[in-house]
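Presented below is the structure to which this report refers.
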Amino acid sequence: MRLLSLLVAIFLSLPLAAAELAYDLQPRQIAADTWLLEGSTENFAASNGGNIVNVAFIVTEAGVVLIDTGISKRYGEALRAAIGRVTERPIVLVINTHHHPDHVFGNQAFSDVPIASLARTRELLAEQGGAFADNMYRLLGDWMRGTEVLLPGETLEPGVREIGGHRLQLLAFSGHTGADLAIFDQTTGVLFAADLVFYQRALTTPQTPGLDVWLSDLEALEKLPYTLLVPGHGPVATGREPFAQMRDYLGWLDGLLRAAVAEGQDMNEAMRAPIPERFAAISLTRFELIRTVSHLYPKYEAQVFQRVDAGE
Amino acid sequence: MTVRSMGLALGWLLLSSPVWAGDSDPLQSPMWGFHQTRFLGTAPYEFDERVVLTAPPFAEDSRQVPISIDASALGQEVVRIVAWAELNPIAHIFSFFPEGPVAPRIALNIRVEQATPLRAAVLTRDGVWHVGSTRVDAAGGGCTAPSAVRAEAGWEEHLGEIFGARFPAGEGSRLRLRVSHPMDNGLSGGIPEFFIERAELRGAAGQRLASLELHPSVSENPTLTLQLGEADAGQRLWLRDNNGNEFEAAF
């Protein structure tokens, strides 16, 4: 009898468990016309549904400009509903800052709206989106149900674009993924740095063309006269601290990898290198160091390895 | 004392009893028995923390998972190290026979087809196998993924190119290298097995210092890290693939 009631309880709880897969998206106003949906600084996990990314939107006189769409079709739908609670204006433009899954996999919820990115971002998403989806389904399970890659249909060129009274300066960089768009709203002073800036969350390197490229991108980005910085991951900031942290962290990573290959360390040794105490507040440093060594170690090894075979 | 807590206490006694030490698989892998029979036969073995098998907790790239094995705590007694990935379609990774100045340490990259237990079994002169274990999580697919080497036009031109260096390591030295080779394992797209199957580290006079038998669970463009107790021993590395191509490097 106890077994039966247990089975009944399990059966009854099933639809409830399924219904719990809902993103609680509460847009927070961070500047005039400007709203943020701040994700956690955790890794992708079934417990967070992959809501680990910052998504923002600007309510212009011409309609809503949305910057990134989140990790899943379900997220995109919740995002669209959340925008609808803030404004009745239509969404006129969706921007994909870069091709990583947490920024573009909500695209399906905006299939009736122009979705735009850098040309290279579309190429990269076409090449790698399927593999990203496989991995996200593995990590997030049912949160991803129905999610498919929807490529952006429009191409963004760097330069200033005025939309509904907001002068949006579009800046093309490459340090994070090979094609990274940052958006500076000259009207409000808000800089949407996307994943060129991680703050209090370890940066990720799977497609970076090089840490040096990323550092020089940051140098250009930091010169913008912003009053509020929205990083791709982590809290917003009014000051320059996120740039200082990024430079410090990238410099440390670069130095660590250089020293490790120069000493002849193998990859596992480099993955276990100590992490400086000053980065203690940054989330996921060990996890991302393991990933970064996987991504970049061969490139650093190539700088110290010599040709040692007899050749021709 | 309840029945449950008595059971727990009994379990604890059994687990902590020396009779069981080195007998029960710490990873509780379903394939342990199969591979134990296959690789170790009927020889005595123990799970031994002196065999340090290191891998990242997860495979960021299932085609290139770094593993390193350090059995130097077993000293000069080591005659062979056999490594395998328990749930791989091709489980065997390598058999390594260090001699003389070559330390019982090795690091290289492997492919994993799924999350798997990894083993390094170290045979000592007394005929006992000492087994180190770890586990790697993975999205998988590393053994059946299309070759990155073959995707590059003109890869044949670079076949067998070896890049590497010797590094000082304490009293001795360390050799690290990467060989350009697709290490085809026969599991992807009508491409037959084509892999480096044998390597020997030799002295200046050509005498063998260590030999290594490789299997195509080893990643393409294989990496290798070897450690030597002498600063300049192991001047030559010889490699041969299963098509008979021979490659040689000088350190």
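These figures come from a predicted structure and were not determined experimentally. Proteins come first, then strands; the chains are lettered A, B, ... in the order of their sequence lines, and each starts at number 1.
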>> As an exercise: rank B:Ile162, B:Leu108, B:Leu239 by heavy-atom pairs under 4.5 Å with chain A and give me the winner.
In response: B:Ile162
>> Looking only at heavy atoms and a cut-off of under 4.5 Å, which of B:Pro56, B:Ala165, B:Ala107 has the most pairs with chain A?
In response: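 The answer is B:Pro56.
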>> For a 4.5 angstrom cut-off between non-hydrogen side-chain atoms, does B:Phe58 reach A:Arg291?
In response: yes
> Hey, does B:Gln64 have a side-chain heavy atom less than 4.5 Å from the side chain of A:Pro298?
Replying inline: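 A:Pro298 does not reach B:Gln64 side chain to side chain.
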What part of [X] is in contact with chain B, defined as an atom under 4.5 angstrom from a non-hydrogen atom: side chain, backbone, both or neither?
X	result
A:Glu263	backbone
A:Ala302	neither
A:Asn135	side chain
A:Phe287	both

Which atoms of [X] approach chain A - backbone, side chain, both or neither, heavy atom under 4.5 Å:
X	value
B:Asp137	side chain
B:Thr225	side chain
B:Phe163	both
B:Leu177	backbone
B:Ala138	backbone
B:Asn109	side chain

>> To the closest 0.5 Å, what do you measure between OG (B:Ser68) and CZ (A:Arg272)?
In response: 7.0 Å
> When rounded to the nearest 0.5 angstrom, what distance separates OG1 in A:Thr204 from CD in B:Glu60?
Replying inline: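 Output value for this atom pair is 9.0 Å.
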Looking at every heavy atom in both [X] and [Y], which two are closest together, and how far apart are they?
X	Y	result
B:Gly164	A:Val308	O-CG1, 3.7 Å
B:Phe167	A:Val304	CZ-CG2, 4.2 Å
A:Gly264	B:Arg174	O-NH1, 2.8 Å

Is it the case that over 12 heavy atoms from other parts of the model lie below 6.0 angstrom from the [atom1] atom of [X]?
X	atom1	value
B:Gln207	CD	yes
B:Arg198	CZ	yes
A:Glu277	CD	no
A:Glu127	CD	yes
A:Gln303	CD	yes
B:Arg178	CZ	yes

> Is the backbone N or O of B:Glu161 less than 3.5 Å from a side-chain atom of A:Arg307, with the two atoms forming a donor-acceptor pair by type?
Replying inline: no
> Hey, is the main chain of B:Thr54 close enough, under 3.5 Å, to the side chain of A:Asn268 for a donor-acceptor pair?
Replying inline: yes
>> Salt bridge or not between A:Glu269 and B:Arg105? Use side-chain N to carboxylate O under 4.0 Å.
In response: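 Answer for the salt bridge query: yes.
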>> One pair to check against side chain to side chain contact (heavy atoms under 4.5 Å, CB included): A:Phe305 and B:Arg176. What are the steps and the verdict?
In response: CA-CA 8 Å; A:Phe305 282 2; B:Arg176 302 200 66 233; 3.8 Å; yes
